[in-house]
Each structure stands twice: as C-alpha cells, then as structure tokens.
Engineer: 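Can you read through this structure? Questions will come right after.
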Amino acid sequence: MDDPRVARLREFFETLSPATLARLDDLYAPGARFKDPFTEVTGVPAIRAIFAGMYRQVDQPRFVVTRSFCQGDEAFLAWDFLFSFRGDARRQQTIRGATHIQFSTDGRVVLHRDYWDAAEELYEKLPVIGWLMRWLKRRARH
C-alpha cells in the first residue's frame with residue numbers, strides 16, 4: 001500500500017489537467033524546487049508554469065505512474081508520459097521516466113527531480129533531429 005503522501009501525488013499526476021494545477025499549493029511547499037533535463041525552478045508559481053506550458057507544447061498529455069515507493073521523507077515514482085506532438089494526434093508518444101520526491105515535515109513536496117533520457121525519449125522522436133540522434137547512436141556503438 002502506498003504511503004498517503006505518495007498516493008496523493010500519484011492521483012494528482014494521473015488526473016492532471018489545466019484545472020487541477022490550482023491544487024499545487026496543497027501538494028508543494030512554497031519554496032519547493034523542481035528540476036528536469038531542461039528546467040530548474042523554485043516556488044509553486046514557477047512549477048505551475050512548467051506544467052501549464054506542457055499543455056501548450058503537446059496534445060493530450062497524461063501521466064501513468066507505473067511504480068512508486070517511499071522510505072522516510074523520500075519517494076520515487078516511475079511513470080510513462082503519454083502525449084502527441086501538435087498536429088499529429090494519431091501517433092501517441094511515450095516518454096518513460098522517474099521522479100525523486102522529498103517531503104517536508106508537513107507532507108508537502110520540497111524537491112521534485114525528474115529523470116529521463118532526453119536524447120532517447122524525445123530527440124529521437126523528432127523528425128529531423130531524430131534522424132541525426134539515431135545516426136549518432138549507431139556510430140557510437142561501433
């Protein structure tokens with residue numbers, strides 16, 4: 001059974017929508033830090049802007065948490081991020097990643113660090129740069 005803090009986060013991410021972003025204040029401490037392969041920000045408004053931007057950049061984004069565990073005030077969530085590129089709704093894309101969470105004493109998130117391979121999970125799926133990334137990957141193997 002999930003730790004209640006993890007269960008709350010899991011439910012939040014799996015039902016994330018522009019309307020539910022207002023709930024971030026309940027889940028994240030005011031000075032929470034967020035980091036992923038592209039961004040590092042501090043504070044709930046900046047974190048909210050990251051998630052809001054996701055809805056402008058891709059179509060039908062959603063998270064499926066595939067695994068989670070918690071020990072003390074730290075947790076890890078493994079997830080699939082499902083989406084489609086703008087104008088290509090027929091081809092669903094998947095990025096697999098994990099999130100390291102640290103909780104404050106009041107149970108809110110103080111650190112949210114996403115780990116995923118931007119080259120393999122994103123760049124290789126883009127039309128022109130994807131070809132280049134796949135070519136570089138093949139060359140590196142030889």
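All values reported here derive from a predicted model rather than from experimental measurement.
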Engineer: More than 12 heavy atoms of other residues, nucleotides or ligands under 6.0 Å from CZ of Arg33: is that the case?
Structural biologist: no

Engineer: Which pair of non-hydrogen atoms, one from Ser68 and one from Leu77, has the smallest distance, and what is that distance?
Structural biologist: CB-CG, 4.1 Å

Engineer: Start with the C-alpha distance between Trp79 and Asp114, add both sets of side-chain angles, then the distance that settles side-chain contact (heavy atoms from CB on, under 4.5 Å), and finish with yes or no.
Structural biologist: CA-CA 10 Å; Trp79 43 262; Asp114 284 344; 4.2 Å; yes

Engineer: Considering only heavy atoms from C-beta outward, does the side chain of Phe51 approach that of Leu16 to under 4.5 Å?
Structural biologist: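 Of all side-chain heavy-atom pairs linking Leu16 with Phe51, at least one is under 4.5 Å.
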
Engineer: Apply side-chain contact (heavy atoms from CB on, under 4.5 Å) to the pair Phe12 and Leu24, showing each step before the final yes or no.
Structural biologist: CA-CA 9 Å; Phe12 174 75; Leu24 277 177; 3.7 Å; yes

Engineer: Are the side chains of Ile101 and Leu111 in touch, meaning some heavy atoms are under 4.5 Å apart?
Structural biologist: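 Answer no - side chains too far apart.
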
Engineer: Between Asp73 and Arg5, does at least one N-O distance fall below 4.0 Å, as a salt bridge requires?
Structural biologist: yes

Engineer: Roughly how far apart are Glu40 CD and Ile50 CD1, rounded to 0.5 Å?
Structural biologist: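 It is 10.5 Å, given to the nearest 0.5 Å.
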
Engineer: Please name the pair of heavy atoms, one in Phe83 and one in Pro61, separated by the smallest distance, quoted to 0.1 Å.
Structural biologist: CB-CA, 4.1 Å

Engineer: Got Pro30 and Arg108 here, is their nearest side-chain heavy-atom distance under 4.5 Å?
Structural biologist: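 Of all side-chain heavy-atom pairs linking Arg108 with Pro30, at least one is under 4.5 Å.
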
Engineer: Show the nearest heavy-atom pair for residues Trp116 and Gly97, with the distance to one decimal.
Structural biologist: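 Here Trp116 and Gly97 meet closest at CB-CA, 4.0 Å.
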
Engineer: Would Val110 and Tyr28 satisfy side-chain contact (heavy atoms from CB on, under 4.5 Å), going step by step from the backbone distance to the final call?
Structural biologist: CA-CA 6 Å; Val110 292; Tyr28 285 74; over 6 Å; no

Engineer: What heavy-atom pair brings Arg96 and Asp80 nearest, and what distance separates the two atoms?
Structural biologist: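 What the structure gives for the nearest pair is CG-OD1, 3.0 Å.
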
Engineer: How close do Ser84 and Gln60 get, counting heavy atoms only, and between which atoms?
Structural biologist: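 Heavy atoms of Ser84 and Gln60 come nearest at OG-OE1, 4.2 Å.
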
Engineer: Restricting to non-hydrogen atoms, name the atom on Arg8 and the atom on Leu27 that form the minimum distance, rounded to 0.1 Å.
Structural biologist: NE-CD2, 3.4 Å

Engineer: Does the side chain of Phe76 reach to within under 4.5 Å of the side chain of Gln71, using non-hydrogen atoms?
Structural biologist: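 No; the side chains remain at least 4.5 Å from each other.
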
Engineer: Hey, does the side chain of Thr20 reach the backbone of Ser17 with a donor-acceptor pair shorter than 3.5 angstrom?
Structural biologist: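 Confirmed, Thr20 side chain pairs with Ser17 backbone.
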
Engineer: Say you draw a straight line from CZ of Phe63 to OG1 of Thr99; how long is it, rounded to the nearest 0.5 Å?
Structural biologist: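 Spacing of CZ (Phe63) from OG1 (Thr99) equals 7.0 Å.
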
Engineer: Any chain of hydrophobic side-chain contacts (each under 4.5 Å) joining Tyr115 to Phe38?
Structural biologist: no

Engineer: Is there a path of hydrophobic side-chain contacts, each under 4.5 Å between heavy atoms of I, L, V, M, F, W or Y residues, that connects Val58 with Leu82?
Structural biologist: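 No, it is not one cluster - the side chains of Val58 and Leu82 are not joined through contacts under 4.5 Å.
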
Engineer: Quick one: do Val109 and Phe103 satisfy side-chain contact (heavy atoms from CB on, under 4.5 Å)? Show the steps, please.
Structural biologist: CA-CA 5 Å; Val109 174; Phe103 294 105; 4.1 Å; yes

Engineer: Pick from Arg113, His112, Glu74: which one makes a side-chain hydrogen bond (donor to acceptor under 3.5 Å, both in side chains) with His100?
Structural biologist: Glu74

Engineer: If you measure from the Lys or Arg side-chain nitrogens to the Asp or Glu carboxylate oxygens, is any gap between Asp25 and Arg48 under 4.0 Å?
Structural biologist: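 A salt bridge is present here (some side-chain N lies under 4.0 Å from a carboxylate O).
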
Engineer: Under 3.5 Å, is there a donor-acceptor pair between the side chain of Thr15 and the main chain of Glu11?
Structural biologist: yes

